[in-house]
Amino acid sequence: MNADLLRRLVAEASVSPSVHNVQPARWRIEGSTLVLLEDVSRRLSVGDPKGHDARISLGASAEGLAIAASTHGLQTHIERCEGQDGAPRKIARLTFSKGGQRDPLCKVLHCRASWRAAFKAPTDSDHDAARALQRPDSTIVVDPTDIAFLAAQYDRASYHFMRQDGFRAELRSWMRLKREHPDWTRDGLNADAMKLSSFEAFGAGVVLGPLFKPLAALGLARHLLAEAGTFGNATGIALFHRAIGEDPFDSGRRFHRLWLEIEAAGFGANVLAAVADDKPTAKQIAERYSIDSGRRLVSAFRFGRRDGEGFAPARLPIEELLI
């Protein structure tokens, strides 16, 4: 192992998903090892006050690096060191040994990106491919009636959070609605990633900003923010659940792999975090789809065949990821 290869692995892992694309992972090279750290200044103080989503994001970054390392014939060993003092916060140490097998998901590591645009109408073979994604921790829903139910649940749960002033303000702070925004290519959620035209981006800023309360009073905000219509051609929804009490870091590693498995099956996907974050909604979904009481709904994905062009993901330069 040498520093150049370690730098390359960090760059390859930078494509890993994170909540609101805040990219909290930082890395330090120590000899032939990498130390994963958390930039706590990037935590969502309103949306994620306990750092649960941050730890999922960090787990996803660690998994992304392990997948990248496999392309170089390396096996990655991840030792947790969370809780140690210091800033930025130390999370894990990654060491490497030769003889690792190439991870089959490496072929889609750099293709994965949240897909928020329309889907093509699913075929029977699409539904078969979706059902093949069923896992012990992933319940796959393909029935149109169930998809419509989950779409309504997502809109209801999402609006529950959108009504909170602090939540909206924090979300807007990570939205890049104009190309002139200094962080358009760096981080957060830009209009291209959200598949918003310039007119739609302007409208989103207005609805989530100064006009939210009057629109909410008129009963219009809920309808303007609803996304149920975009579920219409979805091939399926994956309900991602893990054992209660599992470290979110470990959940994040598996979360990343599941998303890549969806990608490898030829689908585009986006995360429906609100259905898991809103506890009554999560409970109702768990009961309806027979998710064991010893498990918790961590997240969900809406997925289908992409109908449209991709976009260039916003990412921080490696110089800011290495400390």
Side-chain angles (χ1 to χ4, degrees), residues 17-24 40 42-57 60 114-116 147-177 187-191 193-196 200-201 203-231 234 237-242 248 251-252 255 259 269-288 291 296-302:
S18 61
V19 57
H20 286 3
N21 194 28
V22 303
Q23 301 172 63
V40 294
R42 294 201 159 233
R43 278 200 188 178
L44 303 176
S45 60
V46 178
D48 183 32
K50 296 182 179 180
H52 176 273
D53 293 344
R55 289 195 294 276
I56 286 180
S57 301
S114 184
W115 182 257
R116 297 171 181 268
I147 291 175
F149 166 79
L150 289 168
Q153 292 299 303
Y154 171 73
D155 276 347
R156 189 199 64 76
S158 180
Y159 189 68
H160 165 76
F161 293 109
M162 291 296 186
R163 288 185 301 174
Q164 302 172 26
D165 294 346
F167 183 91
R168 290 197 313 280
E170 186 173 66
L171 174 60
R172 290 200 316 275
S173 74
W174 287 99
M175 294 172 74
R176 288 71 174 101
L177 299 176
D187 58 16
L189 306 168
N190 68 36
M194 294 184 286
K195 290 296 181 179
L196 298 176
E200 291 169 328
V206 171
V207 173
L208 291 173
L211 291 186
F212 180 85
K213 288 186 176 180
L215 288 171
L218 293 172
L220 296 176
R222 179 191 298 270
H223 299 292
L224 290 170
L225 295 172
E227 297 183 41
T230 63
F231 285 70
I237 293 178
L239 302 173
F240 176 56
H241 45 87
R242 300 290 288 179
S251 300
F255 170 84
W259 198 340
N270 75 290
V271 179
L272 309 174
V275 298
D277 293 342
D278 184 58
K279 300 309 178 186
T281 301
K283 180 180 179 181
Q284 184 176 5
I285 289 174
E287 292 174 350
R288 180 177 175 119
I291 296 173
R296 62 186 176 90
L297 186 64
V298 177
S299 192
F301 297 93
R302 169 180 56 197

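Nothing fancy with the numbering, it's 1 onward along the sequence.
Here NE2 of His52 is found 10.0 Å from OG of Ser57. Values are rounded to the nearest 0.5 Å. Taken to the nearest 0.5 Å, the NE2 atom of His20 stands 6.0 Å off from the CD atom of Glu170. Between Arg43 atom CZ and Lys50 atom NZ the span is 12.0 Å, to the nearest 0.5 Å. To the nearest 0.5 angstrom, Gln284 atom CD is 4.0 Å from Phe149 atom CZ. The distance from atom CZ of Phe167 to atom OG of Ser158, rounded to the nearest 0.5 Å, is 7.0 Å. We find the CG-NE2 distance between Asp277 and His160 to be 9.5 Å, quoted to the nearest 0.5 Å.
Arg163 approaches Arg168 most closely through the heavy-atom pair O-NH1, 3.3 Å. Summarising the geometry of Ser18 relative to Gln23, their closest heavy-atom pair is OG-N, 3.0 Å, with the distance given to 0.1 Å. The nearest pair of heavy atoms linking Pro17 to Trp259 is CB-CZ3, 3.6 Å. For the residue pair Arg42 and Val22, the shortest heavy atom distance occurs at NH1-O, 2.7 Å. Across all non-hydrogen atoms, the minimal contact from Pro24 to Ala54 is CG-O, 4.4 Å. For Ile147 against Ala234, the heavy-atom pair with the smallest separation is CD1-O, 3.6 Å.
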### Message
Could you go through Asn21 and Asn190, starting from their C-alpha distance and side-chain angles, then the distance that decides it, and tell me whether this counts as side chain to side chain contact (heavy atoms under 4.5 Å, CB included)?
### Response
CA-CA 10 Å; Asn21 194 28; Asn190 68 36; over 6 Å; no
### CA sep, side-chain torsions, deciding dist, call: Trp174, Asp187, side chain to side chain contact (heavy atoms under 4.5 Å, CB included)
CA-CA 8 Å; Trp174 287 99; Asp187 58 16; 3.7 Å; yes
### Query
Step by step, would you call Lys283 with Glu287 a side chain to side chain contact (heavy atoms under 4.5 Å, CB included)?
CA-CA 6 Å; Lys283 180 180 179 181; Glu287 292 174 350; 3.3 Å; yes
### Message
Run the side chain to side chain contact (heavy atoms under 4.5 Å, CB included) test on Phe301 and Val271 for me, step by step, so that the C-alpha distance in whole Å, both residues' side-chain angles and the decisive distance to 0.1 Å come before the verdict.
### Response
CA-CA 5 Å; Phe301 297 93; Val271 179; 3.8 Å; yes
Would you tabulate the side-chain donor-acceptor contacts of residues 205-231 under 3.5 Å, counting partners in other chains and residues two or more places apart, or write 'none'?
| residue | atom | partner | partner atom | Å |
| --- | --- | --- | --- | --- |
| Lys213 | NZ | Asp165 | OD2 | 3.1 |
| Glu227 | OE2 | Tyr154 | OH | 3.4 |
| Thr230 | OG1 | Glu227 | O | 2.6 |
| Thr230 | OG1 | Arg302 | NH1 | 2.6 |

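A search for side-chain hydrogen bond (donor to acceptor under 3.5 Å, both in side chains) contacts involving Ser299 returns nothing, not counting sequence neighbours.
Residues Arg296 and Ser251 have side chains that bring a donor and an acceptor to within less than 3.5 angstrom of each other.
Counting heavy atoms from C-beta outward, Arg116 and Leu196 have side chains that stay 4.5 Å or more apart. Side-chain contact check for Leu150 versus Leu272: every heavy-atom pair is 4.5 Å or farther apart.
Side-chain atoms of Gln153 do not come within 3.5 Å of backbone N or O of Val275 as any donor-acceptor pair. Under a 3.5 Å cut-off, the side chain of Asp53 and the backbone N or O of Asp48 do not form any donor-acceptor pair.
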